[in-house]
Amino acid sequence: MTLVQMQPRSASATPVHRTAVDAMGTGAPQVCDDMTVEVALSVMASARTGYLLVCDNDGLCTQLVTQAQLAAVRDSPAYTDRVQLRDILGDRGPFTSPVTSMAEAEHEMRCRLDALPVVDEQGSALGVLAPAG
């Protein structure tokens with residue numbers, strides 16, 4: 001799996017052992033977990049992306065939500081226009097550290113994820129690893 005690098009780096013700055021921070025994209029939209037599903041879908045459409053980083057009131061990344069997840073919620077019989085992101089999200093994560101090796105990050109993405117948030121030690125989002133394509 002090839003990962004997207006949204007900001008080019010010079011060849012001399014590329015380390016031999018690449019880590020998550022070397023390949024992550026930094027342009028992922030971040031939204032608060034009190035946003036409604038409908039507004040989140042609108043933000044995704046405007047940003048032309050398939051995912052959003054969801055943050056709590058303290059600005060800490062809690063989850064990554066995909067367009068497919070939000071569309072499934074919106075299309076469910078229990079959906080109302082008042083459903084907020086925090087109402088549909090489960091536990092925190094998964095996340096990866098900026099120092100995680102690319103081999104580990106790629107394995108995690110192959111197993112179960114569309115994209116993988118990269119967070120610092122405090123839990124603030126730094127960017128997202130996403131497959132190319």
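Numbering of residues begins at 1 and proceeds along the displayed sequence.
In this structure, CD in Gln30 is found 10.0 Å from CG in Leu52, a value given to the nearest 0.5 Å. One distance of note links OH of Tyr51 with CG of Leu64; it measures 7.5 Å at 0.5 Å rounding. Note that the CD atom of Gln63 and the SG atom of Cys55 stand 11.5 Å from one another [nearest 0.5 Å].
At a threshold of 4.5 Å between non-hydrogen side-chain atoms, the residues Ile88 and Gln69 do not count as touching. Leu70 is listed as a side-chain neighbour of Val65, based on a closest heavy-atom distance under 4.5 Å. Annotation: side chain of Val37 is not in contact with side chain of Gln84 (no heavy-atom distance under 4.5 Å). Between Asp34 and Leu85, the closest side-chain pair of non-hydrogen atoms is not below 4.5 Å. Residues Asn57 and Asp33 have side chains in contact (heavy-atom distance under 4.5 Å, counting atoms from C-beta outward).
Pairing each heavy atom of Arg82 with each of Asp87, the nearest pair is O-OD2, 4.2 Å. Of all the heavy atoms in Thr49 and Pro29, the pair that sits closest is CG2-CG, 3.9 Å. Closest of all the heavy-atom pairs between Ala71 and Leu41 is N-CD2, 4.4 Å.
Side-chain atoms of Thr62 come within 3.5 Å of backbone atoms of Val54 as a donor-acceptor pair (strictly under, hydrogens ignored). Side chain of Asp58 to main chain of Leu60: no donor-acceptor pair is present (N/O by atom type, distance under 3.5 Å, no hydrogens or angles).
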